[in-house]
Student: 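Questions regarding the structure given below will be posed in turn.
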Amino acid sequence: MSSHVERFAPSPTGSLHLGHAYSALLAHDAARKAGGRFLLRIEDIDTVRSRADYEAAIYDDLAWLGLSWEEPVLRQSARFEAYRAVIEQFIERGLLYPCTCTRKQIAAAMSAPQEGSAGPGVYPGTCRGRSFADAGGDYALRLDMRKALVSLGGAGVVKKLHFKEIGRGPGREKGKIALDMAALIDGVGDIVLARKDVPASYHLSVVLDDAFQQVSHVTRGQDLFEATPIHRVLQALTGRPTPIYRHHDLIRDEDGKRLAKRDDARSIATLRMEGAAPDDIRAMVGLAG
Ligand code: GLU
């Protein structure tokens, strides 16, 4: 068997729609064509919004589409210890700080003229430098982006970090995409990597699990292209390998808006109920024949 490993990683917080079907079919077809493996991962770190009935519906829709995947399926809710271990290492390395800002405070800070270099929509670092002793009962753990990049060797080393894009980004980016220290500090900033009681965030869990599952190719929508430099930084910080990325165009509705989980009209379940066949779904996402 080849070392080509693809995964489809839905969150069980809603119904699968055409965009998910597109990701799953692309990943599955690429794995089968390469004689590789296709994995399914349930991204259920949000234990409040994740629901067993959505998870059951994901299996049902994917099987109906004609996909098969390896068992057992990895669920992120079973991986908290692994995430916690990395969070603890990051704390020891001084890369995380506790942030006690409320959502309201963050929204106000982000819309106000920014201090320092952080761009619009970027957390301005209000709690940077806060000690754990000072943080009290509830906090988020933020990555000190500048400190993290300096620990990797600074701008000269960071610009040598890259990932390979075999699909395309929203601005048609493809090929070798290099990281940029200033863009990460000013445009991404100090992202949340965990909460006091939940040792993971999307960014951290996806990076650790892609490595854990030996994923060689990440196929996902262009909405996650902007997250990929963050993932590349986390791979560098944790010594995990970098998969090849294939970001695909987003499936849009008639008005050109991207589909969201709440658009039940385009859910696979609704299309099935209306009599669509698996091949119709393939045709709708441009994968016919
Ligand atoms: N769980 C994410 C989602 O449902 C996708 C994660 C990924 O493909 O990296 O949008």
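All of these numbers come straight from a predicted model, not from anything done at the bench. In listed order, ligands and their atoms are each counted from 1.
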Student: For residues 57-66, tabulate all N or O donor-acceptor pairs below 3.5 Å that involve a side-chain atom, not counting sequence neighbours.
Tutor:
| from | atom 1 | to | atom 2 | distance (Å) |
| --- | --- | --- | --- | --- |
| Y59 | OH | E55 | OE2 | 2.6 |
| D60 | OD2 | R272 | NH1 | 3.0 |
| D60 | OD2 | R272 | NH2 | 3.4 |
| D61 | OD1 | R272 | NH1 | 2.8 |

Student: Mind checking whether F80 and Y83 have parallel, tilted or perpendicular rings, split at 30° and 60°?
Tutor: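 Aromatic pair F80/Y83 classed tilted.
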Student: Suppose I only count heavy atoms of E43 and a 4.0 Å limit; which atoms of ligand 1 are within that range?
Tutor: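 Per the distance check, 1 (N), 2 (C), 5 (C), 6 (C).
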Student: Under 4.5 Å between side-chain heavy atoms, chaining through other members, with only Ile, Leu, Val, Met, Phe, Trp and Tyr counted: pull out the rest of the cluster around L74, sorted by chain and number.
Tutor: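 In the cluster with L74 are F212.
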Student: In terms of atom number and element, which parts of ligand 1 are under 4.0 angstrom from non-hydrogen atoms of V206?
Tutor: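 Ligand 1 atoms under the 4.0 Å threshold to V206: 9 (O).
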Student: For Q76, which of T47, D44, D209 qualifies under side-chain hydrogen bond (donor to acceptor under 3.5 Å, both in side chains)?
Tutor: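 Single pass found, and it is D209.
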Student: In terms of atom number and element, which parts of ligand 1 are under 4.0 angstrom from non-hydrogen atoms of R7?
Tutor: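 Answer for ligand 1: 7 (C), 8 (O), 9 (O).
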Student: More than 12 heavy atoms of other residues, nucleotides or ligands under 6.0 Å from CD of Q105: is that the case?
Tutor: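 Count over threshold, so yes.
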Student: Contact between ligand 1 and Y202 is defined here as a heavy atom of the residue under 4.0 Å from a ligand atom; is it met?
Tutor: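 Y202 counts as a contact of ligand 1 under the 4.0 Å cut-off.
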Student: Under a 4.0 Å heavy-atom limit, does V218 contact ligand 1 with its side chain, its backbone, both, or neither?
Tutor: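 No part of V218 comes within reach of ligand 1.
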